[in-house]
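One structure is given here, and the rest of the page talks about it.
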Amino acid sequence: MRSIALIDVNNFYVSCERVFNPKLAGKPVVVLSNNDGCAVARSNEVKALGVAMGTPWFKLKDLVKQHGIIGLSSNYALYADMSNRVMSILHAFSPNQEIYSIDESFLDLSGFESRDLIQYGQQMRKRILKWTGLPVSVGIASTKTLSKLANHCAKKHPAFNGVCNFNTMTGLELDALLAQLDVGEIWGIGRKLAPQLQALGFSSALDLKRANPQRIRQQFSVVMEKTIRELNGTVCIELEEISPPKQQIISSRSFGYAVCDYNSLAESITLYVCSAAEKLRRQHCFSGSVYIYIRTSPFKPNDPFYSNGMTIPLTYPTDDSRQLVNAALWGLKQIYKPNYNYAKAGVMLGEIVSKLRVQTDLFSQSEVSPKSEALMATMDNINRKMGKASIKLASEGFKRPWRMKQGNKSPSYTTRWEDLPAIQ
């Protein structure tokens with residue numbers, strides 16, 4: 001039997017904020033999305049009030065007054081750094097690790113059965129809490145789908161004390177637990193598929209486990225068949241220890257204020273392209289096309305609506321921010337129209353290929369310009385060492401009046417020298 005663990009940081013964004021601001025402990029806290037729009041993370045106190053994920057902040061005004069809910073702007077630099085610390089700690093517990101998301105990681109503990117895996121999970125929790133201040137839950141089972149459910153049980157049932165191991169349960173004990181879990185809690189089911197399954201009589205995780213996999217495949221897909229087999233202990237989804245390169249890289253934001261002029265749009269497009277290009281270089285790939293789009297707000301009926309986008313194919317694939325920006329700005333000139341209040345812009349790098357597999361033609365000079373490669377590497381190293389945007393293209397701008405609203409953002413405690421906490 002395989003032993004696969006899923007480690008998940010509880011209420012990750014909120015927990016990161018509480019590490020450096022202990023006054024938030026025990027208080028109802030939400031972390032808001034871009035431009036302080038919707039709740040993307042909720043403390044247990046807020047969840048107890050019935051606040052759903054994605055609830056717009058303006059709709060919480062009454063609850064804020066009644067219960068003193070604290071709304072914080074997203075601090076992505078802090079969350080990314082804290083995530084890296086957690087993942088680094090977990091790697092010491094198993095060499096086979098898949099970083100699934102910013103706050104979740106799978107570990108293959110097969111072969112560790114000589115240990116008490118529940119105690120091993122408690123060691124993970126204690127070390128992460130001691131070294132980072134973040135609380136985590138651990139779920140262990142024979143498949144990734146079951147380990148997700150085990151993690152859910154570890155988080156929701158105090159009796160497990162943060163670690164749930166399905167592999168130590170008898171078949172009857174496990175089925176009794178799965179019977180208590182709604183089918184929508186199963187990994188990959190989600191809000192859309194859950195009502196369809198419930199309409200067919202599959203209301204719990206146990207119901208779906210007992211379903212006929214071939215028949216379900218005919219009604220839904222091979223993915224659903226794999227889910228059923230995984231619920232029955234058959235490994236169908238292996239750990240991905242090396243994340244596959246992304247086939248598309250998207251960077252976009254809604255503006256904090258309406259943008260009318262071309263120069264401000266050009267600054268935002270440059271920023272988004274440079275952000276996407278840095279991710280492109282990180283996975284050692286080139287892009288063969290750039291897609292850009294701009295649009296006004298669809299929620300302002302008194303303003304004229306305009307939305308347009310354009311794909312710009314590149315002569316040769318590249319990872320050079322300057323070349324990608326030049327292509328994007330050329331496209332912006334083609335689709336820009338004055339006298340509109342633009343609310344959002346974005347870019348997408350497509351036709352992504354590995355540096356080692358770039359298809360050239362008879363007239364190309366070389367796959368990689370040594371000067372370009374050295375310049376981009378130098379920019380990335382400086383920004384990695386000295387802080388994001390320490391060095392950038394001039395066309396990104398400096399004042400950025402269009403930047404997104406972050407009215408209540410905490411300091412970047414771990415990534416900016418100026419924001420280091422002072423202990424007195």
Side-chain angles (χ1 to χ4, degrees), residues 4-22 24-25 29-34 39-44 53 72-108 121 123-139 144 147-148 151-152 154-155 162-163 187 239-246 249-251 253 275-276 278-283 380 383-389 406 409-417 419-421:
I4 298 173
L6 176 68
I7 300 87
D8 178 24
V9 182
N10 303 339
N11 306 324
F12 179 58
Y13 288 1
V14 172
S15 295
C16 288
E17 299 287 353
R18 284 175 167 172
V19 169
F20 297 96
N21 187 357
L24 298 176
V29 179
V30 297
V31 175
L32 304 171
S33 62
N34 296 340
V40 294
R42 303 153 296 154
S43 67
N44 290 334
M53 179 72 81
L72 300 174
S73 304
S74 294
N75 188 340
Y76 299 117
L78 174 64
Y79 309 149
D81 184 68
M82 295 296 284
S83 172
N84 291 336
R85 294 168 188 242
V86 171
M87 301 308 165
S88 178
I89 294 170
L90 288 175
H91 189 66
F93 285 90
S94 173
N96 304 317
Q97 178 184 26
E98 176 189 341
I99 299 175
Y100 180 66
S101 68
I102 193 171
D103 62 341
E104 294 176 286
S105 179
F106 287 103
L107 295 181
D108 192 345
Q123 289 179 33
M124 298 180 199
R125 297 183 70 235
K126 290 176 182 177
R127 186 176 299 180
I128 292 171
L129 183 64
K130 182 177 181 179
W131 290 8
T132 69
L134 296 173
V136 303
S137 298
V138 181
K144 291 172 75 173
S147 69
K148 290 278 283 188
N151 183 278
H152 176 81
K155 194 178 297 184
V163 180
W187 186 33
L239 262 68
E240 297 179 1
E241 295 175 37
I242 300 177
S243 300
K246 294 181 179 179
I249 299 178
I250 300 172
S251 181
R253 290 285 188 278
S275 176
E278 192 275 332
K279 296 177 184 177
L280 183 72
R281 293 190 291 271
R282 202 185 307 160
Q283 66 180 36
D380 292 342
N383 287 332
R384 202 172 293 122
K385 183 177 181 180
M386 306 305 297
K388 192 174 182 180
Q406 290 181 299
K409 177 177 170 293
S410 57
S412 298
Y413 297 106
T414 64
T415 56
R416 285 174 58 91
W417 290 109
D419 292 345
L420 283 176

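Here the structure is a predicted model, which means the values were calculated and not measured.
The backbone N or O of T414 lies less than 3.5 Å from no partner atom in the side chain of D419, so there is not a single donor-acceptor pair. Between the R125 side chain and the V136 main chain, a donor and an acceptor come within less than 3.5 Å of each other.
Of all the heavy atoms in P135 and L129, the pair that sits closest is N-CD1, 4.2 Å. Scanning both residues, A77 and T415, for their nearest heavy atoms gives CB-OG1, 3.8 Å. When all heavy atoms of S147 and K144 are compared, the pair lying nearest together is OG-O, 2.8 Å. Contact record, K148 with W187: CE-CD1, 3.5 Å, taken as the closest heavy-atom pair. Closest heavy-atom contact between M87 and S105: SD-CB, 3.5 Å. Taking every heavy atom of both residues into account, V138 and A5 meet most closely at CG1-CB, 4.4 Å.
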Begin from the C-alpha positions of L90 and I128 and carry the test side chain to side chain contact (heavy atoms under 4.5 Å, CB included) through to its verdict.
CA-CA 8 Å; L90 288 175; I128 292 171; 3.6 Å; yes
Step by step, work out the side chain to side chain contact (heavy atoms under 4.5 Å, CB included) result for M124 and L107.
CA-CA 11 Å; M124 298 180 199; L107 295 181; 3.9 Å; yes
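F20 and Y413 have parallel rings, their planes meeting at less than 30° on a 0 to 90° scale where 60° marks the start of perpendicular. Ring geometry, Y13 versus Y79: the interplanar angle falls under 30°, so the pair is classed parallel (tilted spans 30 to 60°).
With contacts defined as side-chain heavy-atom distances shorter than 4.5 Å, the pair N75/V31 does not qualify. Using a 4.5 Å heavy-atom threshold, the side chains of V19 and T132 count as separate. No side-chain heavy atom of Y76 sits under 4.5 Å from any side-chain heavy atom of K409. No side-chain heavy atom of L78 sits under 4.5 Å from any side-chain heavy atom of S412.
In terms of the salt bridge (Lys or Arg N to Asp or Glu O under 4.0 Å) criterion, residue partners of R281 (sequence neighbours excluded) are, by chain and number, D380. Under the salt bridge (Lys or Arg N to Asp or Glu O under 4.0 Å) criterion, E17 pairs with no residue, sequence neighbours left out.
In this structure, CD1 in I99 is found 11.5 Å from CG in L239, a value given to the nearest 0.5 Å. If you take CG on D81 and SG on C16, they are separated by 9.0 Å, rounding to the nearest 0.5 Å. Considering CD of E98 and CG of L6, their distance stands at 9.5 Å, rounded to 0.5 Å. One finds the NE2 atom of H152 at 11.5 Å from the CG atom of D8 (value rounded to the nearest 0.5 Å). Here the straight-line distance linking atom OG of S83 with atom CD1 of I102 works out to 5.0 Å at 0.5 Å rounding. Rounding to the nearest 0.5 Å places OG of S251 at 11.0 Å from CD of E278.
For the 3.5 Å distance criterion, the side chains of S94 and N96 fail to qualify, holding no donor opposite an acceptor. Checked by atom type, the side-chain pair S137/N10 shows a donor-acceptor distance below 3.5 Å.
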